[in-house]
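Structure first, then comments.
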Amino acid sequence: MDARSERLFLGLDFSTQQIKAVAINDALKIVNETAVKFDTDLPEYKTQGGVHIHDDQVTVTAPTIMWVKAFDLLLDKMKKDGFPFDKVAGVSGAGQQHGSVYWRSGSAQILRNLSEKTTLHQQLQNCFSVPESPIWMDASTTKNCRELEEKVGGPLRLAEITGSRGFERYTGNQIMKISQTRPSEYKDTERISLVSSFAASLLIGDYAPIDLSDGSGMNLLDITTKKWSPECLEACGEDLSSKLGEPVPSKQIVGNVSQFLIGRYNFSPNCKVIAFTGDNPASLAGVAPKLGDAIISLGSSDTVFSWLPRQNAELEGHIFVNPIDCDTYMSLVCFKNGSLTRERIKDDCAEGSWEKFSEYLTKTPTGNNGNIGIYFDVMEIQPLVQGIFRFDSADQKVSSFPPEVEVRAVIESQMMARKLYMELRGMHIGPDTRILATGGASLNRAILQVISDVFGAPVFVSDIPNSAALGSCYRAKHGLEGCDFSDVVLNHPQPECVARPTEGASQVSKGRAGKDRYV
C-alpha cells in the first residue's frame with residue numbers, strides 16, 4: 001500500500017474555551033475529532049468561558065498552565081482512543097489571536113530536556129513569569145494604545161505600518177502594559193509567545209517562532225517589510241526584539257516533533273511541525289478560499305474576511321499577512337451587532353419565528369421601498385455608535401416601521417455595513433467574486449438572498465465546522481508539500497451556490513449608494 005495513503009495531518013485549535021484536534025488523511029477526509037473544554041474538563045482553574053474576568057471588568061486573562069494541562073489531556077484522550085500518532089506526517093495549529101505567553105528565563109532549557117515519564121504541565125508549571133496570560137477579550141490597555149499611536153505618528157501611521165490602529169487586545173499594547181506595571185516579571189521573561197507560537201513550542205520542545213499572519217495582530221509587525229517595526233518595538237518594551245525572535249512565513253516548517261512526543265505518544269521522529277497561526281487566519285484557510293472571495297461569518301458577532309492582493313491603510317478593521325500566501329493580505333472587519341440583533345427583531349416583529357421572518361424578507365422588495373433602519377443594540381466597533389435609527393424613503397427620521405419593513409431593514413442595513421467596510425479595507429466586488437457564508441444564519445436562504453442582492457455577487461455555503469482546526473490540517477499539508485494551496489484543497493467539499501443577485505438589485509443598490517453614510 002502507498003505510504004501516502006496512510007498519512008495523516010493533525011490540526012490543533014487552542015481557542016478561548018477549548019482545545020480541539022482534527023485529523024485528516026491525504027484525501028482530506030476527517031478521521032478524528034477530539035476536544036478538551038477548559039470549564040468542564042479542568043474545573044480546578046475556575047474559568048468561565050475559558051477565562052478569568054477581573055474585578056475591574058476590563059482585565060481578562062487565562063491561566064497559561066491550564067492550556068498546557070489541557071494539551072496533556074487531549075493527547076491522553078487520543079492515545080486512549082487508539083489514535084495512530086505514528087501516521088501523522090505534519091502538524092499545524094491555531095491559537096486565539098492576540099493572547100500572549102511570558103516564558104521565564106531558563107524555560108528554553110526545560111523545554112529542550114522534557115522527560116517522557118511525566119506530563120508537560122508538571123514539568124512546565126514554573127516556566128511562566130506572568131502566570132495569567134492576557135487574551136483577546138482584555139480591554140485594559142486604552143492608555144497604552146494611545147501612547148503607541150502617539151509615539152509612531154498617530155493612529156493612521158500605526159495602521160500604515162502594522163495593518164491596524166491601536167487596539168486594546170493587540171499584543172504590543174499588552175506587552176507595553178506589563179513592561180510598565182510589572183517590570184520585574186518583564187525583565188525575567190526570556191521569550192514572549194503568542195498563543196499560537198506557544199502551542200507550537202509544546203510540539204517541538206523549543207521556542208517556536210511567531211508566524212507573519214498571527215504576528216500581524218500585535219501592532220508590532222511591519223506588514224510591508226514582514227519584519228518587526230523598530231519604532232513599535234521601542235515604544236512597547238525594552239529589548240523586545242530578542243524576546244520575540246524573528247517572525248517566519250506561515251507555511252514554514254519550524255521543526256520536528258520533540259523526543260517527548262515521540263517517546264510518550266509514539267509520534268514518528270519524521271513528523272514535521274508547520275508554524276501555527278491565529279484562529280482567524282486558520283479559519284480563512286479552512287474554507288479553502290480563492291483570491292477575490294469574501295467570507296462572511298454570521299454569528300453572535302459578524303466577521304468579514306477577504307483575500308487581498310495588496311493592502312491600504314485605514315482606521316477601521318484590520319489587515320493581516322495572508323497565512324495561505326505571504327505575498328498577499330487578508331482583511332478582517334468585525335461587527336458586534338450580529339445574530340443577537342437579528343434574533344431580537346425576529347422576536348419583536350416576527351412572532352419569534354424564523355419562518356415568519358423569512359416570509360417577511362421574501363415578500364418585501366429589494367431596497368425596502370427606500371426605508372432604512374440601523375440597529376446597534378450594543379456599542380458597535382465601526383462606527384463607534386449605539387442606538388436604533390430609522391429613516392423613511394424621504395430621508396426623514398421615524399420612530400417605527402411596520403414589522404415586515406423592520407425585518408428587511410435590519411438585514412439590509414447590516415449587509416450594507418459589511419460591504420461598505422469591506423470595500424474600505426480594499427476589497428472590491430468583481431465578476432468572479434464569491435461570497436462564502438458561514439455561521440448560524442448561513443442556514444437561512446432568505447437572509448442569504450439579501451446578502452447576494454446587497455453585494456451583487458453569488459452566495460455560496462458549505463458545512464465547515466471547526467474551520468480553524470480543519471484549516472490547520474490543510475496548512476500542515478501545505479507546509480509539508482510546498483505546493484500551491486489550491487492543489488492542497490482540491491478535494492475540499494465544494495461550496496453550494498444558494499443565491500444569486502435578483503434582477504434589478506444592482507440598480508436599487510446604486511440608487512441607495514448615498515444612504516451608506518447612515519451605516
Member of Gln123, Arg264, Gln259 meeting the side-chain contact (heavy atoms from CB on, under 4.5 Å) criterion with Ser115: Gln123
Modelled atom types, side-chain donor and acceptor of Asn173 and Asn219, under 3.5 Å: yes
Distance-only donor-acceptor check, side chains Tyr265 and Asp86, under 3.5 Å: no
side-chain hydrogen bond (donor to acceptor under 3.5 Å, both in side chains) assessment of Ser331 paired with Trp307: CA-CA 7 Å; Ser331 71; Trp307 180 344; over 6 Å; no
Modelled atom types, side-chain donor and acceptor of Thr171 and Ser100, under 3.5 Å: no
Side chains of Ser442 and Asn444, donor plus acceptor under 3.5 Å: no
Lys46 with Asp39: basic N within carboxylate O range, under 4.0 Å: no
Donor-acceptor under 3.5 Å (Gln382 side chain, Tyr421 main chain): no
Non-hydrogen side-chain atoms of Ser306 and Ile295 separated by less than 4.5 Å: no
Lys/Arg-Asp/Glu bridge criterion (N-O < 4.0 Å) met for Glu481, Arg7: yes
Validation row: Met330, Val321 side chains within 4.5 angstrom (heavy atoms): no
From Leu448 atom CG to Ile435 atom CD1, the distance as rounded to the nearest 0.5 Å: 11.0 Å
Aromatic centroids of His121 and Phe71 separated by under 6.0 Å: no
Aromatic ring proximity, centroids under 6.0 angstrom, Trp67 and Phe14: no
Backbone of Ser133 reached by a side-chain donor or acceptor of Thr61 within 3.5 Å: no
Which atom of Tyr329 lies closest to which atom of Pro309, heavy atoms considered: CD1-O, 4.3 Å
Worked check of side-chain contact (heavy atoms from CB on, under 4.5 Å) between Ile429 and Met422: CA-CA 10 Å; Ile429 305 297; Met422 187 186 75; 3.7 Å; yes
Asn266 side-chain N/O to Gly263 backbone N/O, donor-acceptor pair under 3.5 Å: no
Close side-chain approach of Ser197 and Ile210, heavy atoms under 4.5 Å: yes
Under 3.5 Å donor-acceptor, Arg418 side chain and Val304 backbone: no
Flag, side chain of Glu412 to backbone of Val450, donor-acceptor distance under 3.5 Å: no
Main-chain N/O of Ala27 paired with Asn25 side-chain donor or acceptor, under 3.5 Å: yes
Chi angles and distances behind the ring-ring contact (aromatic ring centres under 6.0 Å, His included) call for Phe128, Tyr102: CA-CA 6 Å; Phe128 305 109; Tyr102 299 79; 9.8 Å; no
is_close_aromatic(Phe167, His318), centroid dist under 6.0 Å: yes
Polar contact flag, side-chain donor to acceptor under 3.5 angstrom, Ser129-Thr189: yes
Residue pair Thr328 / Asn322, side-chain donor-acceptor N/O under 3.5 Å: yes
Side-chain heavy atoms of Thr16 within contact of Trp136, under 4.5 Å: yes
Enclosure of Lys37 NZ (heavy-atom neighbours >12, cutoff 6.0 Å): no
Minimal non-hydrogen separation, Leu10 against Ala23, with atom names: CD1-CB, 4.2 Å
Sub-4.5 Å side-chain heavy-atom contact between Ile324 and Pro289: yes
Cys271 vs Asn256 side-chain heavy atoms within contact, under 4.5 Å: no
Arg342 and Asp302 ion-paired at < 4.0 Å: yes
Closest non-hydrogen atom pair, Tyr474 against Pro493: OH-CD, 4.3 Å
Gap separating the CD1 atom of Ile451 from the CD1 atom of Ile296, nearest 0.5 angstrom: 5.0 Å
Heavy-atom donor-acceptor pair, Asp377 side chain to Thr341 backbone, under 3.5 Å: no
Where Gln311 and Ile319 come nearest, the two heavy atoms and their spacing: CB-CG2, 3.7 Å
Asp138 side chain near Gln174 side chain, heavy-atom distance below 4.5 Å: yes
CD/Glu44: more than 12 non-hydrogen atoms of other groups inside 6.0 Å: yes
Pair Leu8-Val31, side-chain contact (heavy atoms from CB on, under 4.5 Å): steps then yes or no: CA-CA 9 Å; Leu8 298 179; Val31 298; 3.8 Å; yes
Check: Ala35 main-chain N/O paired with Lys77 side-chain donor or acceptor under 3.5 Å: yes
side-chain hydrogen bond (donor to acceptor under 3.5 Å, both in side chains) between Asn466 and Glu33, worked out: CA-CA 9 Å; Asn466 309 311; Glu33 293 182 76; 2.8 Å; yes
Test item: Thr433 and Asp293 side chains (from C-beta on) under 4.5 Å apart, heavy atoms: no
Side-chain donor/acceptor pairs under 3.5 Å, residues 275-284, sequence neighbours excluded:
| unit_1 | atom_1 | unit_2 | atom_2 | d |
| --- | --- | --- | --- | --- |
| Thr277 | OG1 | Asp211 | OD1 | 3.3 |
| Thr277 | OG1 | Asp211 | OD2 | 2.9 |
| Asn280 | ND2 | Gln97 | OE1 | 3.0 |
| Ser283 | OG | Asp279 | O | 2.9 |
| Ser283 | OG | Ser467 | OG | 3.2 |

Flag for Ser15-Lys20: side-chain donor and acceptor within less than 3.5 Å: no
Interatomic spacing from OG in Ser358 to CD in Gln449 - rounded to 0.5 Å: 12.0 Å
Distance-only donor-acceptor check, side chains Ser193 and Trp103, under 3.5 Å: yes
Arg500 CZ: over 12 foreign heavy atoms closer than 6.0 Å: no
Any donor-acceptor N or O pair under 3.5 Å, side chains Thr119, Gln122: yes
Shortest non-hydrogen contact from Ile274 toward Ala476: CD1-O, 3.6 Å
Heavy-atom closest contact (Leu470 atom, Gly286 atom, distance): CD2-O, 4.1 Å
Check against side-chain hydrogen bond (donor to acceptor under 3.5 Å, both in side chains), Ser140 and Lys177: CA-CA 9 Å; Ser140 66; Lys177 175 188 170 184; 2.7 Å; yes
Check: Ser297 side chain, Thr438 main-chain N or O, donor-acceptor pair, under 3.5 Å: no
Trace of the side-chain contact (heavy atoms from CB on, under 4.5 Å) decision for His52 with Thr47: CA-CA 6 Å; His52 291 151; Thr47 57; 3.7 Å; yes
Derivation and outcome, side-chain contact (heavy atoms from CB on, under 4.5 Å), residues Ile135 and His98: CA-CA 6 Å; Ile135 67 157; His98 316 301; over 6 Å; no
